[in-house]
2 protein chains.
Amino acid sequence: MERYPAAAARRPARSARAADAAPRNDGTQTIQRAVNVLRVIASRGHAGLRLAEIARHARLERPTVHRILKCLCAEGVAAQDPATRHYRLGHLAFELGLAAAPQFSLRELCAPTLSRLAERIGDTVFLTVRSGYDTVCIDRREGSFPIKALLLDVGTRRPLGVGAGGLALLMPLADAAVEEVARANATRLKAYAGLTVPRLVAMVKRSKSMRYALNDLPVTAGATSIALPIRTRFGDPFAAISVGAIESRMTPARRTELVEWLRAEVEALERLLAEKATL
Amino acid sequence: MERYPAAAARRPARSARAADAAPRNDGTQTIQRAVNVLRVIASRGHAGLRLAEIARHARLERPTVHRILKCLCAEGVAAQDPATRHYRLGHLAFELGLAAAPQFSLRELCAPTLSRLAERIGDTVFLTVRSGYDTVCIDRREGSFPIKALLLDVGTRRPLGVGAGGLALLMPLADAAVEEVARANATRLKAYAGLTVPRLVAMVKRSKSMRYALNDLPVTAGATSIALPIRTRFGDPFAAISVGAIESRMTPARRTELVEWLRAEVEALERLLAEKATL
DNA sequence: GATTTTATTCCAGCATATGGAACGCTATCC
DNA sequence: GGATAGCGTTCCATATGCTGGAATAAAATC
């Protein structure tokens, strides 16, 4: 599953103290590792994962992760299911999130948009933001169509580039930047229908030419999704709105129609954001 | 040099942890400190606070806090307003909160209750949970009365015992337990209308005898609030529902009426929770 | 029930976090 | 406007606190 590139490689065999590659002496190794562990836990969402898995994905030794987790659990940031021994996020993570929420009002800002789209389209609509080399789904609205493609839960972390939302966020970037992101996530991509760096780059290219992101990988069999990026007034993409549905409801004709509706809503949103930011 | 022993002595009373004294050699000092810093930042909510303030509240040296914060900001857990230099929670705190949310469904469970109460009462209704020696407001509903007592924002952390909700959470506890909590929070209480340990103990005692928590301290001038605890089927209080309003709408007669409504709703909630937990 | 895999504890050793000192900057006061 | 106080930041010698290999216990798997 997910490997985090940020996880510092093992301690460099100390050859020359001053010269060589940055010896990292900012005195924050432990915190970096702890935060990384939290990101790994979050990427599994509700299900949680075991110690050994976390150690693998965070590229750390088991005793180290164990010690970190013991502390995080004691503090309430993480929690362990006593039955399965799976680690999950704890109550303090939830509470800190509540305290942070007012500063990230994108969700509220987009709420009417999502509702309108879900009602009009009938399928599931997602709001996704970029977070480093990850994406996080921050909201979701279900449409009325009885077969619902609930492709991802609110709060889910995935490598940037996976899913229509992830593709949309890469679309506006220069080729070099896309390459960089793809390579940073190389190992983690495999878990998504065996996605590879060149494959991802090709999908971004295709999305660019169509002017909307299309995810037809069988990550969830039988489902297809499309997305558009939301950009700041400087053109930087920071979020995406996507629609997921069963394949039969994603014919090229219907996709064209959906993209039109999406584009109108996204443009309205971008205008709204530009206003808000013009100080 | 006695540097660390001194630091150890200054370490604040840890929540949910055995008495200090012990030399603590579990190799997690840094993480504990970082989490503590986050709690301090969260307790200030939207406004944020400066480095020196954080250092004071966390009982740490400025360079130490600075180093921790630099890392937390780089990781996205915290963020700094470049203009005011105030630190706040960052996007990752929000995102981790989203990922943790599904496991803490109390909010959704209580949502109808809060709405009903707010509509019936017309004043502001709060849902608060206990978190160690703190309370956290996890939801709020405004009534229709035009003067709104928005005493605390969702996400706000306060010392356990402050406010009607905090009192309600202490009400069902034995006197010794109340004392313990009050003393653990002694220093922090001062910030709330000069509240002291004996004063708080007395307020809890009064609340016990009235069978509802009453907060008439001038923390917010002109406002009064009342609350009832929500208990597990084992009798442990873990949350509280409170109502805040201007003094003139909190006469003894009206309080009696409000408490009746609150009690009915709380009892219904407790039955619902007992059902859910009986597996 | 044997074997593999995982969770946890221990501890020697040294890399890492620590905090005093120092410096420049900003805010406040008179 | 000059003095003063407090804050933010960098630096670095030091020894503390973190690390991870090894060992052991506990589960999971076959």
Fill in: Nearest listed nucleotide, side chain of Thr64(A), among dT19(D), dA26(D), dT6(C)
dT19(D)
Practice prompt. Could you please name the option among dT16(C), dA7(C), dG20(D) that lies closest to any side-chain atom of Pro63(A)?
Written response: dG20(D)
Worksheet item: Taking the side chain of Arg85(A) as its heavy atoms from C-beta onward, which of dC7(D), dA27(D), dA17(C) lies nearest to it?
Response: dA27(D)
Practice prompt. Would you kindly give the CG-to-P distance between Leu60(A) and dC18(D), to the nearest whole Å?
Written response: 15 Å
Discussion item. Please pick, from dG8(D), dG20(D), dA7(C), the nucleotide with the shortest atom-to-atom distance to any side-chain atom of Arg50(A).
Written reply: dA7(C)
Worksheet item: Start at the 5' end of DNA chain D and walk down; is the nucleotide closest to Glu53(B) or to Ala83(A) reached first?
Response: Glu53(B)
Discussion item. Without decimals, in angstroms, what is the distance between Lys70(A) NZ and dG20(D) C1'?
Written reply: 15 Å
Worksheet entry | salt_bridge(Arg39(B), Glu95(A)) N-O dist < 4.0 Å | no
Fill in: d(CG, Leu69(B); C1', dC7(D)) in whole Å
14 Å
Worksheet item: Between Asp153(A) and Arg140(A), is the closest basic N to carboxylate O distance under 4.0 Å?
Response: yes
Worksheet item: For dA7(C), does either OP1 or OP2 sit under 4.0 Å from a side-chain N or O belonging to Arg67(A)?
Response: no
Discussion item. Does a side-chain N or O of His66(A) approach OP1 or OP2 of dT8(C) to a distance below 4.0 Å, or not?
Written reply: yes
Worksheet item: Taking OP1 and OP2 of dT16(C), is either one under 4.0 Å from a side-chain nitrogen or oxygen of Thr28(A)?
Response: no
Discussion item. What is the separation between atom CG on Asp26(A) and atom P on dA15(C), rounded to the nearest whole Å?
Written reply: 16 Å
Worksheet item: CG of Leu51(A) versus P of dA28(D): gap in Å, rounded?
Response: 14 Å
Discussion item. Taking Asp81(A) first and then Arg50(A), would you say they form a salt bridge - that is, a charged N and a carboxylate O separated by under 4.0 Å?
Written reply: no
Worksheet item: Between Gln29(B) and dT18(C), does any side-chain N or O lie under 4.0 Å from OP1 or OP2?
Response: yes
Discussion item. Quick one, Glu53(B) with Tyr87(B), criterion side-chain hydrogen bond (donor to acceptor under 3.5 Å, both in side chains). Give me CA distance, side-chain angles, the key distance, then yes/no.
Written reply: CA-CA 10 Å; Glu53(B) 287 181 278; Tyr87(B) 287 93; over 6 Å; no
Worksheet item: Given dC7(D), is OP1 or OP2 found less than 4.0 Å from the side-chain N or O atoms of Arg56(B)?
Response: yes
Worksheet item: Ion pair present between Arg188(B) and Asp134(B), side-chain N to carboxylate O less than 4.0 angstrom?
Response: yes
Item to complete: Using atom NE2 of His57(B) as one end and atom C1' of dC7(D) as the other, report the distance to the nearest whole Å.
Response: 16 Å
Worksheet entry | Whole-Å distance separating the CD atom of Gln80(B) from the P atom of dG8(D) | 9 Å
Worksheet item: CD1 of Ile54(B) versus C1' of dG8(D): gap in Å, rounded?
Response: 12 Å
Discussion item. Is the phosphate of dA22(C) approached by Arg62(B) (side-chain N or O, under 4.0 Å from OP1 or OP2)?
Written reply: no
